[in-house]
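Since the structure comes first, as structure tokens, the remarks are kept for the end.
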Amino acid sequence: MYDSGRDGYIDLMELKLMMEKLGAPQTHLGLKNMIKEVDEDFDGKLSFREFLLIFHKAAAGELEEDSGLMTLAKLSEIDVSIEGVKGAKNFFEAKVQALSSASKFEAEIKAEQDERKREEEERRHRRAAFRELKSAFSQ
């Protein structure tokens, strides 16, 4: 909704507009820090995955209470006491969808971690084999 460039990312200006529309404007430095906190690939913008990471960190209690990201996470929550029960069906459907998205997200992170471990192990084996060959030629 806030990706005005339609490039699949939220950049600094799009994040600025989003926070203003949500009623929680941030300073330029605050916006940069928000992106930096979840920017896994260090490209200076938020991918969908990094955007979801905000809510994952908020749920896990990994965000500072006064941070811009925590503000964003709180502004995106649905409060049934305010919304009432007439929207309960939509609320629970949204929660189920969010939970299944979080599970997929966690599975994706786990798969990436496993892949990194496998690649590192492969690198170690190649180095050991190289050292073995090197020592054979050194003799």
Side-chain angles (χ1 to χ4, degrees):
M1 182 158 105
Y2 295 103
D3 180 16
S4 59
R6 301 287 182 238
D7 60 354
Y9 296 93
I10 301 279
D11 64 24
L12 187 69
M13 289 309 295
E14 291 166 339
L15 183 60
K16 177 184 184 298
L17 291 172
M18 179 174 67
M19 293 303 289
E20 287 172 355
K21 285 181 182 179
L22 291 172
Q26 302 288 313
T27 64
H28 187 75
L29 187 59
L31 292 165
K32 281 186 163 188
N33 286 336
M34 286 173 67
I35 291 174
K36 185 179 177 182
E37 193 167 343
V38 291
D39 190 9
E40 294 180 322
D41 56 4
F42 307 108
D43 62 355
K45 52 191 175 183
L46 300 176
S47 66
F48 183 66
R49 174 190 160 90
E50 292 164 342
F51 187 74
L52 292 177
L53 186 58
I54 296 168
F55 302 99
H56 180 73
K57 284 186 166 200
E62 297 174 5
L63 296 176
E64 292 183 28
E65 195 61 36
D66 60 345
S67 74
L69 292 180
M70 182 57 93
T71 303
L72 175 60
K74 284 182 178 178
L75 287 172
S76 301
E77 286 183 305
I78 297 172
D79 188 350
V80 176
S81 64
I82 295 171
E83 297 297 323
V85 292
K86 64 182 176 187
K89 177 181 180 236
N90 293 338
F91 168 77
F92 287 110
E93 286 175 352
K95 281 296 185 184
V96 166
Q97 185 177 5
L99 288 173
S100 67
S101 294
S103 295
K104 289 177 190 173
F105 180 65
E106 289 171 7
E108 186 179 321
I109 289 173
K110 178 77 170 130
E112 285 179 8
Q113 289 172 341
D114 291 343
E115 179 66 19
R116 284 189 198 124
K117 286 178 185 175
R118 188 191 59 74
E119 287 173 357
E120 184 59 35
E121 188 63 31
E122 218 174 87
R123 245 181 260 132
R124 280 192 213 117
H125 287 302
R126 283 194 309 262
R127 285 182 192 145
F130 178 76
R131 284 188 203 115
E132 208 173 290
L133 283 172
K134 184 180 172 185
S135 67
F137 283 109
S138 298
Q139 295 175 354

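Because the structure is predicted, anything quoted here is derived from the model rather than measured.
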Salt bridge present between [X] and [Y] (N-O < 4.0 angstrom):
| X | Y | result |
| --- | --- | --- |
| Arg49 | Glu112 | yes |
| Arg118 | Asp114 | no |
| Arg116 | Glu120 | no |
| Glu20 | Lys16 | yes |

inquiry  = Other residues, nucleotides and ligands only: do more than 12 of their heavy atoms fall within 6.0 Å of NZ on Lys57?
reply    =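 Enclosed: over 12 neighbouring heavy atoms sit under 6.0 Å from NZ of Lys57.
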
message = Within a 6.0 Å radius of atom CD on Glu121, are there more than 12 heavy atoms belonging to other residues, nucleotides or ligands?
response =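 Yes, CD of Glu121 has more than 12 neighbouring heavy atoms, counting only those of other groups under 6.0 Å.
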
Side chain Gln26, main chain Ala24, donor-acceptor under 3.5 Å =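 Yes, the answer is positive, given that a donor and an acceptor are paired below the 3.5 Å cut-off.
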
key: Derivation and outcome, side chain to side chain contact (heavy atoms under 4.5 Å, CB included), residues Leu53 and His56   = CA-CA 5 Å; Leu53 186 58; His56 180 73; 4.2 Å; yes

ask   = Going through the checks in order, is the side chain to side chain contact (heavy atoms under 4.5 Å, CB included) test met by Asp3 and Phe48?
value = CA-CA 10 Å; Asp3 180 16; Phe48 183 66; over 6 Å; no

Using 0.5 Å steps for rounding, measure from the [atom1] atom of [X] to the [atom2] atom of [Y].
| X | Y | atom1 | atom2 | answer |
| --- | --- | --- | --- | --- |
| Ser67 | Glu62 | OG | CD | 11.5 Å |
| Ile10 | Ser4 | CD1 | OG | 8.0 Å |
| Phe51 | Met18 | CZ | CE | 4.5 Å |
| Arg126 | Glu119 | CZ | CD | 9.0 Å |
| Leu31 | Met13 | CG | CE | 9.0 Å |
| Asn33 | Thr27 | CG | OG1 | 7.5 Å |

Measure across [X] and [Y] and return the closest heavy-atom pair with its distance rounded to 0.1 Å.
| X | Y | result |
| --- | --- | --- |
| Tyr9 | Glu14 | O-OE1, 2.9 Å |
| Gly23 | Pro25 | C-CD, 3.5 Å |
| Gly68 | Met19 | O-CE, 3.9 Å |

task = Kindly indicate whether the side chain of Met34, heavy atoms from C-beta on, has any atom under 4.5 Å from the side chain of Leu15.
result =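 When only atoms from C-beta onward are counted, Leu15 and Met34 do touch, with a gap below 4.5 Å.
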
query = Taking C-beta and beyond as the side chain, do Leu12 and His28 meet within less than 4.5 Å on heavy atoms?
reply =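 Heavy-atom side-chain distance check passes, below 4.5 Å.
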
task = Take Glu37 and Leu63 through the side chain to side chain contact (heavy atoms under 4.5 Å, CB included) test and state the conclusion after the steps.
result = CA-CA 9 Å; Glu37 193 167 343; Leu63 296 176; 3.1 Å; yes

query = When hydrophobic residues are tied together by side-chain contacts of less than 4.5 Å, even through go-betweens, does Leu17 share a cluster with Leu69?
reply =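 Cluster IDs for Leu17 and Leu69 differ.
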
ask   = What do the steps show when you test Asp39 against Glu50 for side chain to side chain contact (heavy atoms under 4.5 Å, CB included), and what is the final call?
value = CA-CA 6 Å; Asp39 190 9; Glu50 292 164 342; 3.2 Å; yes

